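One structure is given here, and the rest of the page talks about it.
Since this is a predicted model, take the numbers as computed values, not measurements.
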Amino acid sequence: MTKNKKNKLKIGQSISKHLIEAVLIFTSVFFAFLLTEYRASRNKDETLKISLQHIASEMEYNHRRIESIFDYHTSLIHEIDSLKNQNTTDWEMLYGHDLNIWQGMQMPMLRSTAYQTFLNSGVNDKAKFELAKSLADIYNTQSIIERLDNSFFDLATTDRELTALPKVRHLARLYVSVIPDVIMFYQHKGKSWLSEYGYNMDIKNDELTNIIEKRMTNQ
């Protein structure tokens, strides 16, 4: 009888020991998993921060480029219209190099590499929905200008008369018409999300500012 009790006691102790070991193993594995998840989450947060900093830097470059292109193409239109109003000049027979301010067509060539990396890396899953939507709106609008650039390059390979003033004015008018929409999204969606990451630029061009204000009022 005593021997049976000792055997049961040993069995009970053995089971308890194995249970404790199992609990300890499970606990260590569980905490290791939590730690891995925590580190992965922190890494993704840091990656998102760096990605947004790159997008902010990209938008800074694009902002300067947009204002420069708007200034230049507005000036092209003004000079061409001035020639049109001179009865002594057959402006339709002239070319871009006949203009005083001519510096080529000056494509915007806006950048979107940082945003594409943001999408392709999957880090956008970590971003707030409103932030991701605002960036999508910004870059979708910007893609209109990118398509204009591509169209110009396609024409440049086939059209020898591409710099004839009527065509120059038409393309310049297209850019001047679209650019305000792009910079409007930069200002009203980009700055609200990306000011802490580096994009906090204001518009310097008064004419561009007035156009944006009118468009905002009519929305």
Ignoring hydrogens and geometry, is there a side-chain-to-backbone donor-acceptor pair from [X] to [Y] under 3.5 Å?
X: D159; Y: A156; value: no
X: S143; Y: N140; value: yes
X: S75; Y: D71; value: yes
X: H73; Y: M105; value: yes
X: H97; Y: T163; value: no
X: E92; Y: K84; value: no
X: T209; Y: N205; value: yes
X: Q142; Y: R111; value: yes
X: D149; Y: M107; value: no
X: D98; Y: L94; value: no

For a 4.5 angstrom cut-off between non-hydrogen side-chain atoms, does [X] reach [Y]?
X: Q187; Y: I203; value: yes
X: M216; Y: I212; value: yes
X: P180; Y: L208; value: yes
X: F70; Y: I211; value: yes
X: Q86; Y: W91; value: no
X: K128; Y: W193; value: yes
X: L76; Y: R169; value: no
X: N124; Y: L135; value: no

Rounded to the nearest 0.5 Å, what's the gap from [atom1] on [X] to [atom2] on [Y]? Could you check?
X: T217; Y: K214; atom1: OG1; atom2: NZ; answer: 9.5 Å
X: S112; Y: I145; atom1: OG; atom2: CD1; answer: 12.0 Å
X: T117; Y: I55; atom1: OG1; atom2: CD1; answer: 8.5 Å
X: N200; Y: L194; atom1: CG; atom2: CG; answer: 10.0 Å
X: N62; Y: L110; atom1: CG; atom2: CG; answer: 4.5 Å
X: T141; Y: E146; atom1: OG1; atom2: CD; answer: 11.0 Å

field: Minimum heavy-atom distance S51-V123, with the two atoms named
entry: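 Taking S51 first and V123 second, the nearest heavy atoms are OG-CG1, 4.0 Å.
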
On a heavy-atom basis, the closest approach of M59 and I138 is CE-CD1, 4.1 Å

| Verdict with reasoning, R65 to Q106, per side chain to side chain contact (heavy atoms under 4.5 Å, CB included) | CA-CA 10 Å; R65 189 67 184 157; Q106 293 286 322; 3.8 Å; yes

Tell me which one of E60, E58, H63 satisfies side chain to side chain donor-acceptor pair (under 3.5 Å) with Y199.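 When E60, E58, H63 are each tested with Y199, the side chain to side chain donor-acceptor pair (under 3.5 Å) holds only for H63.
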
Under a 4.5 Å side-chain heavy-atom rule over Ile, Leu, Val, Met, Phe, Trp and Tyr, are [X] and [Y] clustered together?
X: M93; Y: L83; value: no
X: Y61; Y: Y72; value: no
X: Y197; Y: F129; value: no
X: L155; Y: Y175; value: yes
X: F152; Y: M109; value: yes

Using 30° and 60° as the class boundaries, would you call the ring planes of Y115 and Y139 parallel, tilted or perpendicular? parallel

For D202 and K191, run side chain to side chain contact (heavy atoms under 4.5 Å, CB included): C-alpha distance rounded to whole Å, both residues' side-chain angles, the deciding distance at 0.1 Å, then the answer. CA-CA 9 Å; D202 294 322; K191 282 174 69 173; 2.6 Å; yes

Next on the checklist: Under a 4.0 Å threshold between the charged nitrogen and the carboxylate oxygen, would K49 count as salt-bridged to D45?
Outcome noted: no

*Going through the checks in order, is the side chain to side chain contact (heavy atoms under 4.5 Å, CB included) test met by L165 and Y95?*
CA-CA 5 Å; L165 290 195; Y95 289 83; 5.6 Å; no

